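A short write-up of the structure that comes next.
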Amino acid sequence: QVQLVESGGGLVQAGGSLRLSCAASGRTFSSYAGGWFRQAPGKEREFVSAIGRSGGVTIYADSVKDRFTISRDNAKNTVYLQMTSVKPGGPAVYYCAAARSGVVRTKIAEFGSWGQGTQVTVSS
């Protein structure tokens with residue numbers, strides 16, 4: 001099992017930027033693909049972005065493509081989500097997750113470890 005701790009959430013103005021970090025411990029995180037999901041109050045958790053174990057393959061939800069960038073530093077066991085040109089909206093909790101393999105995944109069931117989440121609120 002991989003333990004994950006997110007950080008970097010907070011209040012950001014629409015059009016601004018924010019970088020989320022996800023620090024991993026436990027089993028070798030570099031063996032697993034990583035991902036970010038988000039969940040707004042009353043809504044289902046949705047996929048945001050994922051990255052393969054080496055960082056060479058990334059995938060994004062259409063809603064964040066060209067605005068968010070996922071990356072990882074395996075030497076630091078950390079995955080990042082750089083958010084730019086953020087859009088206004090209510091609070092959402094962003095969750096980091098480790099997939100069950102090193103291959104990029106997008107479905108919740110394909111991720112076996114989850115962090116506690118970090119809240120992001122975009123003000124208009």
Side-chain angles (χ1 to χ4, degrees):
Q1 194 81 358
V2 178
Q3 288 77 47
L4 303 169
V5 178
E6 303 94 336
S7 61
L11 179 66
V12 59
Q13 285 190 328
S17 300
L18 200 64
R19 188 175 83 156
L20 306 183
S21 299
C22 173
S25 61
R27 302 186 70 175
T28 306
F29 186 50
S30 59
S31 298
Y32 304 98
W36 287 94
F37 292 75
R38 64 187 177 190
Q39 187 169 19
K43 296 187 177 181
E44 293 187 352
R45 191 170 300 188
E46 64 175 0
F47 170 77
V48 174
S49 182
I51 186 167
R53 63 181 177 184
S54 67
V57 178
T58 58
I59 188 169
Y60 299 90
D62 288 342
S63 59
V64 306
K65 198 173 294 183
D66 298 326
R67 298 186 298 115
F68 290 10
T69 301
I70 190 171
S71 61
R72 68 189 298 163
D73 184 341
N74 285 339
K76 296 182 178 180
N77 284 337
T78 303
V79 173
Y80 305 96
L81 184 69
Q82 179 68 51
M83 307 162 60
T84 63
S85 301
V86 294
K87 297 182 178 180
V93 177
Y94 280 73
Y95 296 93
C96 174
R100 301 181 191 277
S101 73
V103 179
V104 169
R105 301 294 185 190
T106 63
K107 300 187 187 309
I108 291 174
E110 294 167 328
F111 289 79
S113 299
W114 294 82
Q116 293 299 308
T118 185
Q119 183 162 300
V120 175
T121 302
V122 182
S123 63
S124 57

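Predicted, not measured: the structure shown is a model, and the values here were computed from it. The residues of the chain are indexed from 1 along the displayed sequence.
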Can you give me the closest heavy-atom contact between [X] and [Y], atom names plus distance?
| X | Y | value |
| --- | --- | --- |
| Gly34 | Phe29 | CA-CZ, 4.5 Å |
| Phe68 | Val48 | CD2-CG1, 3.8 Å |
| Val79 | Arg72 | CG2-CB, 3.9 Å |
| Thr69 | Tyr60 | CA-OH, 3.3 Å |
| Gln1 | Gly112 | NE2-O, 3.5 Å |

Q. To the nearest 0.5 Å, what is the distance between CZ (Arg53) and OH (Tyr32)?
A.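 That separation rounds to 10.5 Å.
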Q. Rounded to the nearest 0.5 Å, what separation is found between the OG atom of Ser49 and the CG atom of Leu81?
A.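 With rounding to 0.5 Å, OG (Ser49) is 6.0 Å from CG (Leu81).
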Q. Cationic tip of Arg45 within the cone over Tyr95's six-membered ring, i.e. under 6.0 Å and within 45° of the normal?
A.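 Yes, Arg45 and Tyr95 form such a contact.
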Could you see if [X] belongs to whatever hydrophobic cluster contains [Y]? Use Ile, Leu, Val, Met, Phe, Trp, Tyr and a side-chain cutoff under 4.5 Å.
| X | Y | result |
| --- | --- | --- |
| Val86 | Trp36 | yes |
| Val2 | Phe111 | no |
| Ile70 | Val120 | yes |
| Leu4 | Tyr80 | no |

Q: Look at the side chain of Thr78 and the backbone N and O of Lys76, then say whether any donor-acceptor pair between them is shorter than 3.5 Å.
A: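 The answer is yes, because a donor-acceptor pair under 3.5 Å joins these two groups.
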(Q) Using only atom types and a distance under 3.5 Å, with no angle test, would you say the side chain of Ser101 pairs donor to acceptor with the backbone of Val103? (A)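 Between the backbone of Val103 and the side chain of Ser101 there is a qualifying donor-acceptor contact (under 3.5 Å).
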Q) Of Met83, Glu6, Gln39, which is the lone residue that meets side chain to side chain contact (heavy atoms under 4.5 Å, CB included) with Tyr94? A)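 Exactly one option meets the side chain to side chain contact (heavy atoms under 4.5 Å, CB included) with Tyr94, and it is Met83.
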A side-chain contact here means heavy atoms from C-beta on lying under 4.5 Å apart; do [X] and [Y] qualify?
| X | Y | result |
| --- | --- | --- |
| Gln3 | Val5 | no |
| Thr106 | Ile59 | yes |
| Arg38 | Ser63 | yes |

Q. Would Glu110 and Arg100 pass as an ion pair if we require N to O under 4.0 Å?
A.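 Here Glu110 does not pair with Arg100 in a salt bridge, since their nearest N and O are not under 4.0 Å apart.
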Can you give each donor-acceptor pair under 3.5 Å made by side-chain atoms of residues 11-25, sequence neighbours left out, with the distance rounded to 0.1 Å?
none

Q: Mind checking ring pair (Phe, Tyr, Trp, His ring centres under 6.0 Å) for Phe47 and listing every partner two or more places apart, or none if nothing turns up?
A: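 Only Phe37 meet the ring pair (Phe, Tyr, Trp, His ring centres under 6.0 Å) criterion with Phe47.
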